[in-house]
Amino acid sequence: MINFKEKIAEILASSIEGLSIEEIIDMLEIPTESKMGDYAFPCFKLAKVLRKAPPMIAQGIAEKLQGNEIFEKVENVNAYVNMFLSRKVFVRELVCAVAADKECFGSSDIGQNRKVVVEFSSPNIAKPFHIGHIRSTVIGNSIYKIYDFLGYNTVRINHLGDYGTQFGKMIVSYRRWGNEEDVTREPIKTLLSYYVKFHEEAENDPSLEDEARDVFTKLENGEQEETRLWQWFRDESLKEFTRVYQMLGIEFDSYAGESFYSDKMDWIVDMLKDAKLLKESEGAQIVDLEEHNMSPALITKKDGSTLYITRDIAAAVYRKNHYDFYKNLYIVASQQNLHFQQWIKIIELLGFDWARDCVHIPFGLVSLEEGTMSTRHGRVVFLEEVLTRAVNQTKEIILQKNVNTDNLDATARQVGIGAVIFQELSNNRIKDYVFSWDKVLNFEGETGPYVQYTHARAASVLRNGGDSANQIIASADQANMDFIAGDSAYELAKLIYRFPEIILDAAEKYEPSIVTRHIVNIAQSFNKFYHDEHILVKNEEEKKAKLLLVYAAKQTIKNGLALLGMEAPERM
RNA sequence: GCGCCCAUAGCUCAGCUGGAUAGAGUCGCGCACUACGAAUGCGAAGGUCGGGGGUUCGAAUCCCUCUGGGCGCACCA
């Protein structure tokens, strides 16, 4: 597909002295309103260099550009050179590109197969998968999809919270108050109850905390009985997590969690020691980060057992050795900002220049109307329940609307779960939000079902279009673009055209919501086009051209949804 | 106390590497199903961009400061 921005920059470069094409590309803007053109070039900055008033400069440039065949019109308004592309040229380019690329439209080989490790989801074993976990899970999955689409060689890692003192607590609690049957029957709920029980009891009997730490140390030393219990808890928990991942359609390449690094702790501690970074303080081993304006990082406790920062350092070094990553991404809550700053700094102090390739991608807090979520106090909303309710509601709506779907259950799943995913990816990830049933079960306005509905509607038009859509797509270049050069068709085409650059932007900023917002815009624009113009007209030539644009919109929405981890039903 | 983040329409949010009259959705109001799917579309209404300084031809956007809120700061993860 022609890069019009680049092309315009080339043309401009020949009529402006002293500016490179790259500089011009940076300066080119898309005007706030389309009546001001498709691209605009502001001339204010040139005033000093050229020693002329900006409007004069703009006037001069506009005159030089006049008559170039890719422009329909070029005018000078308020020191801006406003450029209107030839609609026919533009729309032909776009529609043919989508027809040729299909499910690859928007993809790229910019990644050159370089390795990108994405760590996401990473729930704690033996705790329920609640609405707070959805963020890392869904954002991470989307970032993985985006990088994959851009030609990177991606690795998805679920860094399970399957280690640490909490397992000491769990084991202590199980031995005192638990039994095997309950765990087997309902693993997570039961294990959670042990965890809660532990904390209740520990309030009156602080020695339990020491006992738990002691048990964890045994676990870390590989004692048989502790290891067996831990392994059992882990296996049972993973079964439940897998069920949620299946509902969400999410997979991982590795479940190497914290425990995976347990035998690499000495290695890391020695490495830190050799680098003279370790210091003893109150019986613990720390890395002093004062000169980097951070509090010290605790590497080992006074009893010698490790902390999660030790395991994160080990994980990073292991991943560099094992994957030789180009980028190592962590989709983890913003509460852990300091933790990441600390260990990435330690990696740097160890002399590893790849510290800069480790990126913490934080996101905001989810809370409930009652307050912060707390597993211990039972203030949680289970993710599985959210997904199930969304699916059930979708089913009701479909039955109400009496639409013919091939498979009610499958469609309700795609739409209901899609609604939850879409909402999660609608806002900037850094924002905190309060979970609300009303909001998550609302399917009108800027929602997942709205975008999927638009896709299904476009699919319906294509089905009703007569000639097979494939035939029309195959001969895209022969279409008469006059029929899709009207205002609403052109606006739609422009949005679709920007899809590839939107994905690049989303990747660069690690921000899936950029994709989400854009496909909402495409859906809105499509619906407007749909209302403004009759598509299935008698005139075959006109109908074919319009169907091509419908196809382009449908395919782009589908590709966009896929990047969010959502499906695009043909009917709903 | 120190550090990081957030503040834009009644509500939820875009826009933030400076550019033209600050945009959506939602709530409420008024319209449109005898064209291809009304989970839709159209219209009107809704703003001291938290306050105050500064930089600039130009600031929601950059800098300083204040206010309000969130998160974090040693043996949890």
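Lettering follows sequence order; numbering is per chain, from 1.
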Can you tell me the distance, in whole Å, between the CG atom of A:Asp438 and the P atom of B:rC27?
11 Å

Specify whether A:His133 and A:His130 have parallel, tilted or perpendicular ring planes, treating 30° as the upper limit for parallel and 60° as the lower limit for perpendicular.
tilted

Tell me which nucleotide among B:rU21, B:rA77, B:rC6 gets nearest to the side chain of A:Ile430.
B:rC6

With sequence neighbours left out, write down each residue that passes side chain to side chain contact (heavy atoms under 4.5 Å, CB included) with A:Val403, or none if nothing qualifies.
A:Lys401

Please tell me which of A:Asn442 and A:Glu209 maps to the more 5' nucleotide of RNA chain B, matching each residue to the nucleotide holding its nearest heavy atom.
A:Asn442

Selection from B:rC73, B:rA74, B:rC6 that lies nearest to any side-chain heavy atom of A:Lys431:
B:rC6

Atom CD of A:Glu446 to atom C1' of B:rG23: distance rounded to whole Å?
10 Å

A:Leu338 side chain: which of B:rC73, B:rU12, B:rG70 is closest?
B:rC73

Apply the test side chain to side chain donor-acceptor pair (under 3.5 Å) to residues A:Tyr308 and A:His339: give CA-CA distance (whole Å), side-chain angles for both, the deciding distance (0.1 Å), then the verdict.
CA-CA 9 Å; A:Tyr308 83 136; A:His339 166 74; 3.3 Å; yes

Between A:Thr32 and A:Leu298, whichever has its closest RNA chain B nucleotide further toward 5' is A:Thr32

All N/O contacts under 3.5 Å from nucleotides 56-59 of chain B to the protein, with atom names and distances to one decimal?
none

A:Arg571 vs A:Thr411, side chain to side chain donor-acceptor pair (under 3.5 Å): CA-CA, chis, key distance, verdict:
CA-CA 8 Å; A:Arg571 300 169 209 262; A:Thr411 308; over 6 Å; no

Between the protein and nucleotides 1-4 of chain B, which nitrogen or oxygen pairs are less than 3.5 angstrom apart?
none

Identified stems (criterion: three or more consecutive Watson-Crick or G-U pairs, under 3.5 Å), RNA chain B:
B:1-7 with B:67-73, B:10-13 with B:23-26, B:29-32 with B:40-43, B:50-54 with B:62-66

Rounded to the nearest 0.5 Å, what's the gap from SG on A:Cys358 to CD on A:Glu119? Could you check?
10.5 Å

Mind listing the N/O atom pairs, protein and nucleotides 33-42 of chain B, below 3.5 Å?
residue: B:rA35; atom: O2'; partner: A:His534; partner atom: NE2; Å: 3.4
residue: B:rA35; atom: N3; partner: A:His534; partner atom: ND1; Å: 3.0
residue: B:rC36; atom: O3'; partner: A:Asn464; partner atom: ND2; Å: 3.3
residue: B:rC36; atom: O2; partner: A:Ile535; partner atom: N; Å: 3.3
residue: B:rC36; atom: O2; partner: A:Leu536; partner atom: N; Å: 3.2
residue: B:rC36; atom: N3; partner: A:Ile535; partner atom: N; Å: 3.2
residue: B:rC36; atom: N4; partner: A:Tyr530; partner atom: O; Å: 3.4
residue: B:rG37; atom: OP1; partner: A:Ser460; partner atom: OG; Å: 3.2
residue: B:rG37; atom: OP2; partner: A:Ser460; partner atom: OG; Å: 2.9
residue: B:rG37; atom: OP2; partner: A:Asn464; partner atom: ND2; Å: 3.3
residue: B:rG37; atom: O2'; partner: A:Tyr453; partner atom: OH; Å: 2.6
residue: B:rG37; atom: O2'; partner: A:Arg457; partner atom: NE; Å: 2.8
residue: B:rG37; atom: N7; partner: A:Ser460; partner atom: OG; Å: 3.1
residue: B:rG37; atom: O6; partner: A:Met572; partner atom: N; Å: 3.4
residue: B:rG37; atom: N1; partner: A:Met572; partner atom: O; Å: 2.9
residue: B:rG37; atom: N2; partner: A:Met572; partner atom: O; Å: 2.9
residue: B:rA38; atom: OP2; partner: A:Arg457; partner atom: NH2; Å: 2.6
residue: B:rA39; atom: OP1; partner: A:Tyr453; partner atom: OH; Å: 3.4
residue: B:rA39; atom: OP2; partner: A:Lys401; partner atom: NZ; Å: 2.5
residue: B:rU40; atom: OP1; partner: A:Gly445; partner atom: N; Å: 3.4
residue: B:rU40; atom: O2'; partner: A:Arg457; partner atom: NH1; Å: 3.1
residue: B:rU40; atom: O2'; partner: A:His531; partner atom: NE2; Å: 3.1
residue: B:rG41; atom: OP1; partner: A:Tyr450; partner atom: OH; Å: 2.7
residue: B:rG41; atom: O4'; partner: A:His531; partner atom: NE2; Å: 3.1

Scan for ring-ring contact (aromatic ring centres under 6.0 Å, His included) pairs involving residues 524-553 of chain A, sequence neighbours excluded, and state none if there are none.
none

